[in-house]
Number of protein chains: 2
Amino acid sequence: MTVEFKHQTTVTLAEVAEAAGVGESTVSRVLRNHGSFSDKTRERVMAAVERLGYVPNRIAGTLASNGSRLVAFVVPSLSNIVFPDVLRGASTILEENRYQAVFSVSDYDPHKEEALTAAMLAWRPAAVMVAGYEHTDGTIKRLRASGCRIVELLDVDGDALDMAVGFSNRAAGRQSAAFLLKRGYRRIGYVGHDLNRDTRAGKRFSGFCEALAAGDATLADREILAGASSVENGRLGLEQLLARSADLDAVYFSNDDMALGGYFHCLARGISIPSQLAIFGYNGLDIGRVTPQPLSTIRTPRVETGKVAAQLVVNNSPSQVVDLGFELIEGATA
Amino acid sequence: MTVEFKHQTTVTLAEVAEAAGVGESTVSRVLRNHGSFSDKTRERVMAAVERLGYVPNRIAGTLASNGSRLVAFVVPSLSNIVFPDVLRGASTILEENRYQAVFSVSDYDPHKEEALTAAMLAWRPAAVMVAGYEHTDGTIKRLRASGCRIVELLDVDGDALDMAVGFSNRAAGRQSAAFLLKRGYRRIGYVGHDLNRDTRAGKRFSGFCEALAAGDATLADREILAGASSVENGRLGLEQLLARSADLDAVYFSNDDMALGGYFHCLARGISIPSQLAIFGYNGLDIGRVTPQPLSTIRTPRVETGKVAAQLVVNNSPSQVVDLGFELIEGATA
DNA sequence: CTGAAAGCGCTAACAG
DNA sequence: CTGTTAGCGCTTTCAG
């Protein structure tokens, strides 16, 4: 099939106006259902729109009205289900309100985040959604200067630039440690991924250590893997950790992907869970509920975070921090 | 913290021009690095840009130049990692080329896809990316009329509207059946999710049955679950299937999420794999490589699909279909 | 209830 | 190499 792809002449509002025998502003009013016009006018306009196959140009509309309905997301990763969940939640709300979601991926790199944020701002979005509170000065400066709404997602441990929606990672870490201590575990290890980049995982880890200390315990050993979290790294990490510290009775993982890897390692090696080794994760992924033993973890409201964040933007709400909390899932692996 | 959020006065290109003591078009040329200008002019412009904190307005630029760098994605789902993988692949290429990705989620609903596509078109994107070939007449009509590039993703079994990037789902289904037959399985069942909505899964299934027939075999039984694919549905589906047909020696799943559920069911029930029951999936998710027994499946190039699709758009390539193929992973579950 | 006219901020000829 | 001048397609006063 060969098709011509030079920009084909598109129908404009002016042509609709002419075809309907009314003024341009009338067409505009009818289409946006704003201002007043007679039923008869309305019908004539809609007929012309239909007949000509008119598609309004939102680029032009945005420029003229100086108010965009684009919402920009700069997410650190799309490699696990966490941010897709947030996007999915947000998109349901945005779509209902004729907003459009725009995104880019920073790979957990703060400088890339700055560059992408700057690029996003050129589209004059109504709001920019970013992950967490840790940003370069440049990102913060640009965001502030832009005058658009800012929502920081999935964290509430810090000072919001404008709005924030999420939960406390530090508290999640603390609660995880408290749970393990209550269960009687004492030789506790940690398997995590790059904490400098994923600062929320870092906060969970420090909350975890904090609560251990409060319970007169300390972390027995830890294994930090370079790079992103993954099931594979979790499995590898646990293997390496146990090679050094065979006597651990529980391991806290930086998230469920990592924890599943650890779980698989135990299954493969015949390490019985939780009697020989307990496993605890973070996120509450669906898959963790269906493993032979449900994963002990903390469930986070990711889809809800997206929804609430989007709703705040749509409503043009005042600056605020919304703590959605989380839920500890006892599971069967700890 | 209280901040004012009324639209703050933004710096415009005209102000930069004035501050730099040059004409507007000169600033425009320098900023886009297009056309000619002296080094001295360039420096003065950049200094003014820096001093005023100028952020170009791409909305205005797009309107003036009649050529947008928005790329629209209408994806059926963000609930598993498949489409996030595609988006991630595409976004790397798009970001390198100053394009912006825009998305919405159709929930595998063709009518929602039509509505979302129509809404997208109002932003005058350079291209629209949709999943597969099955669309309503309305979607096709609008897409065609828009004159923008169209890329159909993750399938090559059909006639492309313009461009398509993916692989043959039908061939994947056939190859899966051939593999199971070659391995000697004969009492083969199927566990799948809603095939009317996920037409690519439907094509795999029909390819699978086709190859069974070619090998003088037939499907022994099937269990189709309503709703989306999930690990939970996979586990449930296998349980129900085995309740009816305990004598199956292999089960083909609609994708890896479903297959993992089946795998977990077997682990939980002490059904030994693959001697008692073989399991075969589709997608080649990373997690399937790390389970105690690696999952037998077909690996699809999802990230690559996104990259190639984006590159075709960036290059404004002629209409074409790119078949990226797939790879059968023998694994250890079949 | 409706139309005319003035932009929104930028790019793209077109002269110089 | 650079400035001037028209728009891009729409929204928004402001009169009628």
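Just the heavy atoms: all of them, side chains too, but no hydrogens, waters or symmetry mates, feed the values below. Reminder, nothing fancy here: chain letters follow the sequence lines and each chain counts from 1. Here the structure is a predicted model, which means the values were calculated and not measured.
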For B:L121 versus B:C148, what's the shortest heavy-atom pair and its separation?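 In terms of heavy atoms, the two residues are closest at CD1-SG, 4.1 Å.
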
[X]: side-chain hydrogen bond (donor to acceptor under 3.5 Å, both in side chains) partners, not counting sequence neighbours:
{"X": "A:R302", "result": "A:D85, A:T300"}
{"X": "B:E304", "result": "none"}
{"X": "A:E152", "result": "A:H135"}
{"X": "B:D109", "result": "none"}

Identify each donor-acceptor pair in which a side-chain atom of residues 39-56 of chain A lies under 3.5 Å from a protein atom, sequence neighbours left out, and give them as a table.
unit_1 : atom_1 : unit_2 : atom_2 : d
A:T41  : OG1    : A:S38  : OG     : 2.7
A:R44  : NE     : A:A20  : O      : 3.4
A:R44  : NH2    : A:A20  : O      : 2.7

Any residue meeting side chain to side chain contact (heavy atoms under 4.5 Å, CB included) with A:S25, in chain and number order, not counting sequence neighbours: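 Side chain to side chain contact (heavy atoms under 4.5 Å, CB included) check on A:S25 returns A:R29.
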
Side chain to side chain contact (heavy atoms under 4.5 Å, CB included) partners for B:Q320, two or more places apart: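 So B:Q320 forms a side chain to side chain contact (heavy atoms under 4.5 Å, CB included) with B:L312, B:S317, B:P318, B:V322.
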
Atom pair distance, as rounded to whole Å: [atom1] in [X] and [atom2] in [N]:
{"X": "B:L52", "N": "C:dG9", "atom1": "CG", "atom2": "P", "answer": "15 Å"}
{"X": "B:D39", "N": "D:dT2", "atom1": "CG", "atom2": "C1'", "answer": "15 Å"}
{"X": "B:E18", "N": "C:dG9", "atom1": "CD", "atom2": "C1'", "answer": "15 Å"}

End-to-end bend of the helix from C:dC1-D:dG16 to C:dG16-D:dC1 (five-pair axes, 10° rounding)?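 Taking five pairs per end, the axes differ by 30°.
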
Go through the structure and list residues passing ring pair (Phe, Tyr, Trp, His ring centres under 6.0 Å) with B:F73, not counting sequence neighbours.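 Listed in chain order: nothing, the list is empty.
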
Contacts of A:F103 that satisfy ring pair (Phe, Tyr, Trp, His ring centres under 6.0 Å) - sequence neighbours left out: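 Listed in chain order: B:F103.
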
Are any protein N/O atoms closer than 3.5 Å to N/O atoms in nucleotides 13-16 of chain C? If there are, list each pair with its distance.
none

Reading DNA chain D from 5' onward, which residue's closest nucleotide shows up sooner: B:S36 or A:V27?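 The answer here is B:S36.
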
Please tell me if the side chains of A:T10 and B:R124 come closer than 4.5 Å, counting only heavy atoms from C-beta onward.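 SC-SC contact between A:T10 and B:R124 confirmed.
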
Looking at B:T26, I'd like to know whether one of its side-chain N or O atoms comes within less than 4.0 Å of OP1 or OP2 on D:dG3.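 Affirmative; the distance criterion is met.
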
Between D:dT2 and B:T41, is there an OP1 or OP2 to side-chain N/O distance shorter than 4.0 Å?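 True: B:T41 side-chain N/O within range (under 4.0 Å) of D:dT2 OP1/OP2.
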
Interface polar pairs with nucleotides 8-10 of chain D, N/O, under 3.5 angstrom:
unit_1 : atom_1 : unit_2 : atom_2 : d
D:dC8  : O2     : B:L63  : O      : 3.4
D:dC8  : O2     : B:A64  : N      : 3.1
D:dG9  : N2     : A:A60  : O      : 3.3
D:dC10 : OP1    : A:Y54  : OH     : 2.2
D:dC10 : OP1    : A:N57  : N      : 3.3
D:dC10 : OP2    : A:L13  : N      : 2.3

